[in-house]
Student: 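The structure under discussion is supplied below as structure tokens; questions concerning it will follow.
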Amino acid sequence: ASVESDCGGMAYMTHITHEISKFAANVSYDDLPDAVVKETKRLILDSIGCAVGGIETEKGRIAIRFGEELSGDGNTTILGHKGKVSPPGSAFANGELMNALDYESLLSPPEHLTPYVLPACITCGEMKDVSGKELITATAVAHEITTRISESLVFGNRFGVKLQDKDMAISLPTPGYGLCMFGGIAGAGRLLGLKTEELANAMGIGGYSVPVPLFARFTVTAPTTMTKYLSSGLLSQMEVTAVLLSQFGHTGDKEILDGEYGFFRYFGSDNWRLERVIKGLGEEWLFHQRIFYKWYPCCGAMQNVLGLFDQIISENRLQPDEIEEVTVILNLLAELPAWKNEEIRSHVDIQFSTPFIFGLVANRIKAGPLWQTDGILNDESVREFVKKVKVLTSLDREAIGQPQVKVVALKDNEQKTYSQSGLSANMEMSEKDLIDKFKRNACALIEEKNVDVAIGLLSGLEDVKNISSLFRVVSS
């Protein structure tokens with residue numbers, strides 16, 4: 001790849017789209033390190049489980065209905081749902097389902113990555129009846145490219161959010177998830193058999209449809225909407241559309257990422273560290289070392305403190321009615337309207353409400369799809385517990401010197417205080433933990449014998465000759 005400098009001294013990559021497309025088209029399963037294969041399989045297992053678990057949410061039901069409305073005769077699967085739909089229909093529905101519970105894994109950067117790239121890979125892989133090895137490779141490619149592009153962009157304070165009452169602004173994990181478009185196209189396109197130039201062409205088609213960065217807008221909107229930070233279904237659908245159009249001969253900008261007026265500029269970035277994108281590409285893999293699997297179906301900002309709270313009430317056998325007060329210290333996202341919203345009217349609102357989620361843990365409701373059902377939304381015992389929870393951040397004077405989670409309870413007729421800080425003991429997920437999570441997500445919708453078959457196929461995905469056999473099992 002070549003580099004040129006403008007008169008101001010800034011350097012711009014002139015062939016970066018080609019380099020990324022070449023990598024995506026030519027890398028093989030045998031090129032993947034064992035650690036990448038292992039983590040990609042875990043990622044696929046967890047994500048498919050989350051998609052199946054999201055079916056009975058309101059967002060999930062709408063996604064399936066829309067996916068079916070798009071379809072005439074189809075040849076691709078909506079995960080956990082019987083019947084076949086068109087490729088754009090399944091890509092949309094599976095994208096929405098993977099993010100419906102906010103239970104999917106997180107990467108750094110750009111946090112919620114998987115539901116924006118994996119659905120297009122699943123759809124295109126099923127269209128071509130590819131093997132498990134091919135799905136693993138495409139999924140790894142999609143995540144690696146997205147991680148590198150996200151890490152390369154420099155946004156400064158442009159997408160920070162002002163805290164009016166604190167006279168300051170905070171930075172956000174990402175300005176927006178539209179940047180995932182290129183990774184999704186890379187993974188999906190290679191599964192359709194697109195070569196280097198065709199992939200670059202597809203990136204040009206998709207790149208001109210990338211949504212504007214709206215994460216900051218999401219954070220200041222309350223109550224939260226089903227679109228959240230960006231519809232993962234719509235982006236997945238655009239990725240499939242782009243690769244199909246390229247395959248049919250539609251032309252796009254094959255240099256969409258290149259030069260002074262490349263993607264980084266129109267996505268709102270002040271600059272980009274181009275070396276982060278291609279340095280060691282194909283030789284050094286990054287994404288698999290940065291994956292965090294969620295124990296609880298809710299915002300990632302709450303995961304650790306929920307684990308600490310879980311430890312306190314489990315070790316001390318505290319009942320909800322014994323607990324008088326809970327104080328929790330969260331990161332600065334808790335200062336923003338989406339997290340401060342007290343009007344819990346939908347399953348999406350639950351995902352960002354720390355008091356409500358603490359009420360679910362306190363009442364020993366098993367983490368999983370059950371947390372976001374209509375019955376739980378109106379559960380009186382949970383709503384009563386909400387009143388006991390106080391949320392602080394490091395900006396609050398009251399939080400100085402305090403533990404991350406403090407519980408005041410009346411135990412054995414004596415008022416006692418319990419506290420925890422640091423990393424929760426159960427933040428890492430073992431193979432057994434991931435399988436148990438998959439079972440919780442799938443058990444209400446898939447027959448028990450088929451759940452076990454699905455786990456077996458996903459655990460040995462590299463030996464699956466045709467991934468359509470997997471999708472038949474998870475949609476039975």
Side-chain angles (χ1 to χ4, degrees), residues 20-32 37 40-41 43-44 47-48 51 67 70-79 81 83-95 98 114 116-145 181-203 205-206 233 235-250 252 454 457-458 460-475:
I20 289 175
S21 300
K22 180 181 176 181
F23 160 71
N26 295 325
V27 68
S28 71
Y29 176 83
D30 292 335
D31 294 325
L32 304 182
V37 171
T40 303
K41 286 167 56 182
L43 189 62
I44 294 171
S47 304
I48 288 178
L70 285 179
S71 302
D73 293 328
N75 61 345
T76 56
T77 301
I78 295 176
L79 297 169
H81 184 68
K84 298 286 188 178
V85 298
S86 69
S90 68
F92 175 84
N94 290 332
M98 278 187 196
T114 303
Y116 294 99
V117 300
L118 180 56
C121 294
I122 287 175
T123 290
C124 292
E126 188 177 13
M127 289 174 67
K128 300 294 285 186
D129 292 326
V130 303
S131 68
K133 285 184 177 180
E134 269 299 315
L135 180 62
I136 291 169
T137 307
T139 302
V141 164
H143 283 77
E144 184 69 12
I145 288 175
M181 176 78 81
F182 305 102
I185 287 173
R190 70 163 280 131
L191 289 173
L192 284 187
L194 270 59
K195 304 305 181 186
T196 299
E197 288 302 303
E198 294 170 307
L199 279 173
N201 189 61
M203 289 186 188
I205 295 169
L235 200 75
S236 300
Q237 186 183 63
M238 285 191 282
E239 291 161 5
V240 169
T241 300
V243 298
L244 288 174
L245 284 172
S246 184
Q247 187 178 55
F248 296 157
H250 192 91
L457 290 171
L458 287 162
L461 187 57
E462 69 274 25
D463 298 320
V464 173
K465 302 302 182 185
N466 186 335
I467 61 172
S468 295
S469 61
L470 166 64
F471 300 140
R472 283 195 294 272
V473 173
V474 298
S475 300

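When a residue number appears, it is its place in the shown sequence, counting from 1.
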Student: Which atom names give the shortest non-hydrogen contact between V141 and A24, and what distance separates them?
Tutor: CG1-CB, 3.8 Å
Student: Less than 4.5 Å apart, any side-chain heavy atom of L32 and any of T137?
Tutor: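 Result yes, sub-4.5 Å side-chain heavy-atom pair found.
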Student: Working to the nearest 0.5 angstrom, can you tell me the gap between S21 OG and K195 NZ?
Tutor: 13.0 Å
Student: For E198, does its backbone N or O pair with a side-chain atom of S246 as donor and acceptor, under 3.5 Å?
Tutor: yes
Student: Is it the case that the side chain of N201 and the backbone of H250 share a donor-acceptor pair, with hydrogens and angles ignored and the cut-off at 3.5 Å?
Tutor: yes
Student: Which distance, rounded to the nearest 0.5 Å, do you find between the CG of L43 and the CG of L458?
Tutor: 11.5 Å
Student: side-chain contact (heavy atoms from CB on, under 4.5 Å) with V130: which of K128, K133, M127?
Tutor: K128
Student: State, to 0.1 Å, how close S475 and H81 come at their nearest heavy-atom pair, and which atoms those are.
Tutor: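 Answer, listing the atom of S475 first, then H81: CB-O, 3.3 Å.
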Student: Has K84 got more than 12 heavy atoms of other residues, nucleotides or ligands less than 6.0 Å from its NZ?
Tutor: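 Counting neighbours around NZ of K84, more than 12 heavy atoms of other residues, nucleotides or ligands fall under 6.0 Å, so yes.
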Student: What is the minimum heavy-atom distance between S47 and L118, and which atoms define it?
Tutor: CB-CD2, 3.6 Å
Student: May I have the step-by-step check of side chain to side chain contact (heavy atoms under 4.5 Å, CB included) for R190 and V27, ending in yes or no?
Tutor: CA-CA 10 Å; R190 70 163 280 131; V27 68; 3.4 Å; yes
Student: Say you draw a straight line from CG of L191 to OG1 of T139; how long is it, rounded to the nearest 0.5 Å?
Tutor: 7.5 Å
Student: Find out whether L79 and M98 are in side-chain contact, i.e. whether some heavy atom of one side chain is under 4.5 Å from a heavy atom of the other.
Tutor: yes
Student: Testing the basics here: between V240 and C124, what is the closest heavy-atom pair and its distance to 0.1 Å?
Tutor: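 Heavy atoms only, the tightest pair is CG2-SG, 4.3 Å.
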Student: Please report the closest heavy-atom contact between S469 and V464, naming both atoms and the distance.
Tutor: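 Heavy atoms only, the tightest pair is OG-CG1, 3.8 Å.
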Student: Output the distance between atom OG1 (T123) and atom CD (E239), rounded to the nearest 0.5 Å.
Tutor: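 CD of E239 is found 10.0 Å from OG1 of T123.
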Student: How long is the span from the CZ atom in F92 to the CG atom in L70, to the nearest 0.5 Å?
Tutor: 8.0 Å
Student: With a 4.5 Å limit on heavy-atom distance, are the side chains of P87 and N75 in contact?
Tutor: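 The answer is yes, as the side chains (C-beta and beyond) meet within the 4.5 Å cut-off.
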Student: What verdict does the side chain to side chain contact (heavy atoms under 4.5 Å, CB included) test give for T196 and N26, after you've listed the backbone C-alpha separation in whole Å, the side-chain angles of each residue and the deciding distance to 0.1 Å?
Tutor: CA-CA 8 Å; T196 299; N26 295 325; 4.2 Å; yes
Student: Kindly give the heavy-atom pair with the smallest separation between A202 and I185, and that separation in Å.
Tutor: O-CD1, 3.5 Å
Student: Within a reach of under 6.0 Å around NZ of K41, are more than 12 heavy atoms found that belong to other residues, nucleotides or ligands?
Tutor: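 Above 12, so yes.
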Student: What is the distance from atom CG of L461 to atom CD1 of I48, rounded to the nearest 0.5 Å?
Tutor: 7.5 Å
Student: Hey, mind stepping through I467 and E134 against side chain to side chain contact (heavy atoms under 4.5 Å, CB included) and telling me if it holds?
Tutor: CA-CA 9 Å; I467 61 172; E134 269 299 315; over 6 Å; no
Student: Pick from N466, T76, T77: which one makes a side chain to side chain donor-acceptor pair (under 3.5 Å) with E126?
Tutor: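 Answer to the side chain to side chain donor-acceptor pair (under 3.5 Å) test with E126 among N466, T76, T77: T77.
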